[in-house]
Amino acid sequence: AMLRLRLLTWDVKDTLLRLRQPVGQSYAAEARAHGLQVQPEALGRSFREVYGTQSRRFPNYGHGQGLSSRQWWLDVVKQSFRLSGVQDEAALTKLAEKLYRDYCSSNTWEVLPGAAETLSRCCQLGFRMGVVSNFDSRLEAILSQCNLRHHFEFVLTSEAAGFAKPDGRIFEQALRLGGARPEQAAHIGDDYSRDYRAARAAGMHSFLLRAAGQGEGPEVPPEHVLPTLSHLLARIEK
C-alpha cells in the first residue's frame with residue numbers, strides 16, 4: 001500500500017495494553033486486603049455508573065475545572081465503593097490512594113499479543129511513533145513499566161493536551177510533535193469514533209483494531225480493519 005507514511009500514532013488501552021482483570025475484581029481484591037467484603041460484580045456496576053457520571057460532569061479528568069486527574073480518580077474510586085455499600089471514610093481514602101498507585105503498575109496492565117513485536121518492527125522500518133490516548137499523567141510510567149515507552153518519540157495524553165479524542169485538536173498536536181502532515185500519518189486504535197473516525201476527520205489515515213467475533217460495529221473498509229496488531233505490517237510496509 002503506497003501510503004507514504006512517516007508517523008504512526010497509537011491508542012493504548014485495549015490497543016497496546018489491557019487490564020489483567022476487570023475493575024470490579026481488582027477493587028474487590030484490594031477491599032479484601034483491607035478487611036472489607038464487597039462483591040466484584042456490584043463494584044464493577046458501581047464503577048461504570050460513577051465513571052460515566054464523573055466523565056460527564058468533569059470531562060477529561062476535570063481539566064480546566066480545577067480538578068487534578070489524581071483527585072478525579074480518587075473521587076471515582078471512593079464513590080464506587082460508597083455506592084457498593086462501604087461507608088468507612090478512612091478506609092475509603094486508603095483504598096483510593098492504594099488503587100490509584102496500583103493502576104500505574106505492570107501488575108495491573110498486560111501487553112496485548114503482538115503489540116511489542118509490531119512496535120519493534122515499525123521502529124525498524126523507520127516510522128516515527130507517538131501515543132495519542134485519553135489517559136491521565138500516569139501513562140508514561142505505565143508504558144515504562146510495561147517496557148513499551150522506548151518505542152515512542154512522544155506520549156500525548158488528553159490530560160496534557162487539554163483535549164480528548166475525538167477532538168481533532170489532540171491529533172493536530174500529535175502531528176506537530178511528530179513533524180508530519182496529516183496525509184503522512186496513520187492512527188491505530190480500537191474505538192470506531194474516538195480513534196478511527198476522529199483521526200480520519202483530522203485528515204490522517206487510520207486503522208481499526210477489531211478482533212474477529214466482536215459485535216459488528218459501523219462499516220469500515222476491510223483494508224482499514226486489523227483483526228490483530230500483527231496485520232498492521234502488511235498494510236503499511238514501505
So do [Y] and [X] actually touch side chain to side chain, heavy atoms under 4.5 Å?
X    : Y    : result
C122 : L233 : yes
Y100 : R138 : yes
I188 : T118 : no
P40  : P22  : no
W109 : L148 : no
S230 : E117 : no

Considering residues, nucleotides and ligands other than R57, do more than 12 of their heavy atoms fall under 6.0 Å from its CZ?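 No, not enclosed.
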Non-neighbouring partners of E159 that pass salt bridge (charged side-chain N to carboxylate O under 4.0 Å, His left out), sequence neighbours left out: none
Checking D102 now: which residues fulfil salt bridge (charged side-chain N to carboxylate O under 4.0 Å, His left out) with it, not counting sequence neighbours?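 Residues passing salt bridge (charged side-chain N to carboxylate O under 4.0 Å, His left out) with D102: K98.
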Ignoring hydrogens and geometry, is there a side-chain-to-backbone donor-acceptor pair from [X] to [Y] under 3.5 Å?
X    : Y    : value
R200 : S206 : yes
T15  : D190 : yes
N60  : S158 : yes

Kindly state each residue pair satisfying ring pair (Phe, Tyr, Trp, His ring centres under 6.0 Å) with at least one member in residues 168-200, sequence neighbours excluded.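 Ring pair (Phe, Tyr, Trp, His ring centres under 6.0 Å) check on residues 168-200 returns F171-H187, Y192-Y196, Y196-H224.
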For A160, which residues count as a side-chain contact (heavy atoms from CB on, under 4.5 Å) partner, sequence neighbours excluded? T157
Check the pair R82, E89 against salt bridge (charged side-chain N to carboxylate O under 4.0 Å, His left out), reporting the backbone distance first and the verdict last. CA-CA 9 Å; R82 284 191 199 110; E89 284 297 316; 2.9 Å; yes
Salt bridge (charged side-chain N to carboxylate O under 4.0 Å, His left out) between R194 and D11, worked out: CA-CA 10 Å; R194 286 192 292 267; D11 172 54; over 6 Å; no
Sequence-distant partners of Y51, ring-ring contact (aromatic ring centres under 6.0 Å, His included), two or more places apart: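 Result, ring-ring contact (aromatic ring centres under 6.0 Å, His included) vs Y51: F47, W72, W73.
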Name all pairs fulfilling the side chain to side chain donor-acceptor pair (under 3.5 Å) condition that reach into residues 167-184, sequence neighbours left out, sorted by first residue then second.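 As it turns out, the side chain to side chain donor-acceptor pair (under 3.5 Å) pairs with a partner in residues 167-184, which skip direct neighbours, are D167-R169, R181-E183.
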Salt bridge flag under 4.0 Å for residues K78 and E97: no
Apply the test salt bridge (charged side-chain N to carboxylate O under 4.0 Å, His left out) to residues E140 and R149: give CA-CA distance (whole Å), side-chain angles for both, the deciding distance (0.1 Å), then the verdict. CA-CA 7 Å; E140 289 263 4; R149 176 65 187 88; 2.6 Å; yes
Would you tell me whether S26 and Y103 have side-chain atoms, one donor and one acceptor, within less than 3.5 Å of each other?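 Per modelled atom types, S26 and Y103 side chains form a pair under 3.5 Å.
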